[in-house]
Every structure is written in structure tokens, then in C-alpha cells.
Amino acid sequence: MANLMTSANRFSRQLRHWLLVEDRQEKKGPYTKEEIHRKHPWWQVMCLTGVDYFSTLGYQPGIAALAAGALSPLATLILVLLTLFGALPIYRVVAAKSPHGEGSIAMLEHLLSWWQGKLFVLCLLGFVATDFIITITLSAADATAHIIENPLAPNWLHHQEVGITLILIALLGVVFIRGFREAIGIAVFLVAVYLLLNLIVICVGLFQIVNQPTAIASWQAALFARHSNPLIMLAVAALLFPKLALGLSGFETGVTVMPLVQGSTSDTPQYPKGRIRNTRKLLTAAAVIMSFFLLTSSLITTLLIPAPEFAAGGKAYGRALAYLAHSYLGNTFGTIYDLSTISILWFAGASAMAGLLNIVPRYLPRYGMAPNWARATRPLVLVYTAIAFIVTIIFRANVEAQGGAYATGVLVLMSSAALAVTLSIHRQRAKQRTLVFALITLVFIYTTVVNIIERPEGIRIAGFFIGAIILTSLVSRVWRSTELRVEQIEIDENARQFIAEESQGAIRIIANRLNEGDELEYFCKEKEVREDNHIPSTDPVLFLEIMVSDASDFADVIKVKGVQVGNYRILRAESAAVPNAIAALLLHIRDQTGKIPHAYFGWVEGNPIQYLLRFILFGEGDIAVVTREVLRKAEKNPERRPGIHVGG
């Protein structure tokens, strides 16, 4: 039994080490503002975002046909106009406002302070998680559809959609567990081949339409059979186009990968003009290319594919362009097209997984809202893979059923980006531009609301992710509340001189809550502390005052100023949490002077639970007790630990 327990403990330690191991050369710490990446030409980075953006051609035409029927080309035209004159201008501004890859969330992060700002960002992260998780599951499900519907596929693969999709997701997880590196070269190859094959299919489709006048006549008959007036057709198409919102994906990814874009030699870290200019080229080229393929693919699939084939069980279900490739170019070309589609869809999942792995270290550790293990890649990969499994099983690997959830995540992010840009332009007092961007924002909000109403499964999944993120984030914040939480301590010359003078003898520091700040306040406080703690009148003391800045922040830089009021010397600073700042400053004084400082506090009266909540929410609470706990966790050796004295 003892040997069995020893083996189990050894296995547990090895598993924990394997899960939490990190490449320290890549991750210097949880608060890294921007990691160093190898830079690439903008068109290569466009291909990296394109594996997500362009891969939607694998299922977008089929979803559009199911949603809008014969009106699909008109609804797609409206989508293209919104892409070129709505989403593109919005994200060109986002690229200029967040050139280090923070995206539109960072723009909104600065609009709200305190806890409401953090909660708002957590909600947006819930929609980000919805977008990326559904990208993984939907792309894998559509790749499965291309595998099963290929004429050369064995019959036993049919009706195994869920199992095959789970295998593809598991393989994606294995790639990231083993270690993922930016594979822009692979992305360039996949996008180039995929777009070339799609161009061939579209050219052949257009040729077939030109040589089959009956196709156009049948389409016109179907249009006028339901809508006799062209204006009514446009109005109905405008109402239907929100169902086609999948074709808008990719813009948020485009600004997220900005650190990979090669700029110019004149770029500065604060404002890299060359990188911004090239990212705008990236966004514009991707939007123009995708608009062409969206419009032409919708046209040829609507005119050449019988409507029943788009439905579940039909040969064009989830693979409309692949259906045309097999029908008009033969099974050999069709199989090559299927392999290309499967590859880019699978790699689109890799792009989404990489995005998810970048979201956690970018925001949550900075808020103190991620557990320590969340800094490691492998545990996160396992968590995201498990969530993708659950989503796949719930939706039974159905491409069309997941479209609503995907569109919800995409549209909420685009609406938030449009709102952020509108507010930013408004602050510049540009009235005409503000009005234009406000109208674009209203269009995106309308599209989002319509999509949520018609396909509520998307908001339900987003709600699950939001709830899970907020719950785990708050638990992590409470769990990590007694960390030092200080990035750096900066002390001015006066404060440095005060500490040097105090270090000539015993270093005694009185913690004080600033009120009037006059001599009477410090006289009364010193008298009270000396009597309660029996400090000799001949021993000099320093006062320490910490003002709470934004209690919702987690890590910050503490700037200590030395102030003299009469004969009293005071160290003043601001921090997100008073006890953590006091502990950090005491340790700093110990390290600088080589002496153990002593801090003096008074007892607080009231409900301990109330003070616990005050510490978590407002950064104060029972300061003496929490300071002692922070020091205990930071310094394991009691003999080197600063002294905490409580009197009264």
C-alpha cells in the first residue's frame, strides 16, 4: 500500500510539472505588455488571419442559401456593403488606437473605471470565448462534412459526424499541448491554394450560368414568385442579412495580430506608424478579397444548386462550393478541393485556439482574475478542448445550428468596436465623422439584436461563458488577494532621505489614515501609538499613508513621496490595496537598509466579514491582519519578516 501511494504521489508531481511547465524564454511574467515577435510582411500576416476569415467560404454560401433562399445574393450584397463601408472603416481606426494588438476591448477598457470597467471587459471576454470556441467547433464540424460527403469516402463514415469532429478537435488540442509556433508559412500556402481553387470553382460556375440561361430565368421566377416589387426584395434582404453575419468574421483577429506586422524603421514603440499603415493594408485587402468571394459564391451556389440540396442531409449541406467542384470539375478536382477546405478549416481552429491562449495572459492576470495555473498553456488547452467537446456534442456537430452562436460572438465584438470608435471620434469633436460612425454602430447593434432574437442559442452560450469567466475570475481575485501585487516601487529624494535617517536606529513606521493632514493629527496619532506599544519618546518614527487609487486594479507601480508637516515626516503613496502596498514597502525598506522595519497599527472594530469585503472591493479592511498575512506569504523566514504591531 505504501509503495502504491508513493507511486501515485510521484505520478501526481510529474503530471503537475508537465502541465505547468512553461518556456520561460518566451514568457517573462504574467504582466508582459507585449511579447517580442518576429515581424512579417503585411500580406503574409493577412494569410494568418485569412485561415479564419477566408475559411468561412466553406460553409457561408450554404448558410446564406438556407437563411435567405433566392434572396441570398441580395442579402450577401448588403453584407458586402456593410463589410466595406462599415466594418473596414471601424477597424482601420481600431488599428490606429491599439497598435500593439490589444483590439477594440482595450479601447472600451479605458471608458469605465473601477469594478464596472473590469466586469464590462469580462463580459466582452465571454463573447470572445464564444467566438473562438465556436470557430473551433464549427470549423471542425464543416471539415467533417467535407470528409463524409466526399464520393471517395467509405460508407461507414456516414452518420459519424460527432465522432469525427471530436477527433479533429482532439488533434488540434494535441498540437497545442506539444507546443505551437506561429506558422505563417503554412498559412500562406493554405490560403493561396484555397483561394486559387475557389477562384477556379467560381469561374466555372459563372461560365455555367452564362451558358445556362434557364438558371437565371429560374432564379428570377423564384424571386418574383414571392416578391413582386424589387424594393420589397431589397427590404426583405436587408431584414435577412443578419443571418449571414458569419461573413463578417476576421476583423478582430486582424488587429489582434498587429505585433506580427512589419512596420518601418521610423516606427516608435508608442506610435508605430508603419505598422499601423501596413495593418490597414492587411484589413483592406482581406475585406476586398472576401467581398468578391462572398458575392460570387453566393450567386453561383444559389443559381446552380437545387434548393433541397442545401437542407440537412442534402449533398450541398455545409459544403455548397465543394458540391459545385465535384459536379462540374469531377471527383478528382473535388477531392483536392475537399482536402484544401478541410486543411484550412482545421487550421482556422488553430488560429482560434491561439487567440484564446493569448486572451487570458493579456487581461485576466493583470486583473488578478486568473489562477496561477492559467499562466501555463497546457492546462488552458485541456480546458478549451473539453469545452469544445461539450459544445460539439450539444450541437451534434451541426454547422447551421452553430452559426447563430458564432454570429453572436462576432457581432457583439464588432458592435463594441463600433461603439468604441464612435466615442473616440466624438472626443475629437469631429461631428460629421461621429455621425457616420454612430450610424454604422446602430446598424451593427440592429444586426446583433436581430441575430440574438432569431437565434437565441448564441446568447445562451455567450451567457454561459460570461458567467463562467466572471465566477472563476472573482474566485481567483479572492484567492490571490494576499499577494504582494506590486510591479515596482519608486521613492523620491525626500522619502529616501527620511528612510536613511530612520535607519540609523530602529525603523519604526506608524500606519495612518490621512484626514486633515495637520500637525494636530500626527501629534495625536503618535501619542496614541507610543502609549499603546510602549515606544520610547526618544525613538524617532515615520508615518506611512497609503491612499487607494482604483481598488479594482491588481498590480501597480507604487510611487512614494516624502512630505514634512511641522516636525513630522510622512511617506505618502497611492495603491490599489493598502495592506499589500504597506507589505511591499516594508520589504523594500528591509532590502535597502538591511534592517527589519516595524510597523504599528490600531485595532479595528466591527464585523470581520464586513472588513473582508471592504478589502476585496475597496482595498482597505482590517489592514494590520491582512498586511501580516501578505508578509507571511511573501517572506517564509520569520526572522527576516518585518514586524507588525497592533495596539489599542
Side-chain angles (χ1 to χ4, degrees), residues 368 477 480-492 494-496 498-499 502-503 506-515 517 521-522 525-526 528-530 532-533 535 540-563 568-593 595-604 608 611-612 614-638 640-648:
R477 181 63 183 255
R480 299 183 59 193
S481 61
T482 53
E483 293 181 10
L484 279 179
R485 297 162 52 175
V486 174
E487 292 182 343
Q488 186 178 350
I489 295 178
E490 298 177 0
I491 300 179
D492 73 359
N494 285 340
R496 197 182 308 278
F498 292 164
I499 295 171
E502 188 74 10
S503 65
I507 303 177
R508 303 185 188 277
I509 297 176
I510 298 176
N512 180 55
R513 180 192 292 271
L514 179 63
N515 292 308
E521 175 182 342
Y522 297 111
K525 183 68 175 180
E526 180 182 5
E528 175 189 345
V529 171
R530 286 187 184 275
D532 291 340
N533 296 276
I535 301 176
V541 295
L542 273 177
F543 286 89
L544 174 59
E545 297 171 343
I546 306 293
M547 279 69 74
V548 177
S549 50
D550 185 349
S552 65
D553 287 339
F554 189 72
D556 54 10
V557 175
I558 298 180
K559 297 182 179 180
V560 183
K561 296 181 179 180
V563 179
Y568 302 99
R569 300 166 302 167
I570 304 104
L571 303 177
R572 286 179 181 169
E574 288 188 358
S575 178
V578 174
N580 308 69
I582 293 175
L585 186 56
L586 291 175
L587 291 173
H588 180 80
I589 292 174
R590 180 203 65 182
D591 295 338
Q592 294 298 314
T593 64
K595 289 189 174 183
I596 304 297
H598 295 263
Y600 297 87
F601 301 83
W603 286 110
V604 296
Y611 281 108
L612 174 63
R614 284 184 59 82
F615 168 60
I616 294 172
L617 296 177
F618 305 108
E620 296 179 320
D622 195 347
I623 295 174
V625 174
V626 180
T627 302
R628 171 66 172 73
E629 179 61 19
V630 174
L631 287 170
R632 187 188 67 82
K633 292 183 67 175
E635 177 54 70
K636 302 301 182 184
N637 185 357
R640 287 182 46 79
R641 196 178 296 155
I644 301 297
H645 307 270
V646 185

Please determine which of Ile570, Leu542, Val563 meets the side-chain contact (heavy atoms from CB on, under 4.5 Å) test together with Phe498.
Leu542
My understanding is that only residues two or more places apart in sequence, or in another chain, count here; which of them pass salt bridge (charged side-chain N to carboxylate O under 4.0 Å, His left out) with [X]?
| X | value |
| --- | --- |
| Arg590 | Glu635 |
| Arg632 | Glu629 |
| Glu490 | none |
| Arg572 | Glu545 |

For a quick test of reading the model, state the closest non-hydrogen atom pair linking [X] to [Y] and the distance between them.
| X | Y | value |
| --- | --- | --- |
| Pro540 | Arg569 | CB-NH2, 3.7 Å |
| Leu587 | Pro642 | CD2-CD, 3.7 Å |
| Leu586 | Ala599 | CD1-CB, 3.8 Å |
| Ile582 | Ala511 | CD1-CB, 4.4 Å |
| Ala581 | Ile546 | CB-CG2, 4.0 Å |
| Ser575 | Ile558 | OG-CD1, 4.2 Å |

If you define the side chain from C-beta out and look only at heavy atoms, does anything of [X] sit under 4.5 Å from [Y]?
| X | Y | result |
| --- | --- | --- |
| Leu631 | Ile644 | yes |
| Asp532 | Val646 | no |
| Glu521 | Asn512 | yes |
| Val541 | Tyr600 | no |

Pairing residues for Tyr522 by the ring pair (Phe, Tyr, Trp, His ring centres under 6.0 Å) criterion, not counting sequence neighbours
Phe543
Which residues share a ring pair (Phe, Tyr, Trp, His ring centres under 6.0 Å) with His598, sequence neighbours left out
His645
Could you pull out all residues at least two apart from Thr593 that satisfy side chain to side chain contact (heavy atoms under 4.5 Å, CB included)?
Ile499, Ser503, Ile507, Ile589, Lys595
Which residues share a side chain to side chain contact (heavy atoms under 4.5 Å, CB included) with Ala495, sequence neighbours left out
Ile491, Asp492, Val560, Leu571
May I have the step-by-step check of side-chain contact (heavy atoms from CB on, under 4.5 Å) for Phe601 and Val529, ending in yes or no?
CA-CA 8 Å; Phe601 301 83; Val529 171; over 6 Å; no
My understanding is that only residues two or more places apart in sequence, or in another chain, count here; which of them pass side-chain hydrogen bond (donor to acceptor under 3.5 Å, both in side chains) with [X]?
| X | answer |
| --- | --- |
| Arg640 | none |
| Arg530 | Glu526 |
| Lys633 | Thr482 |
| Gln592 | none |

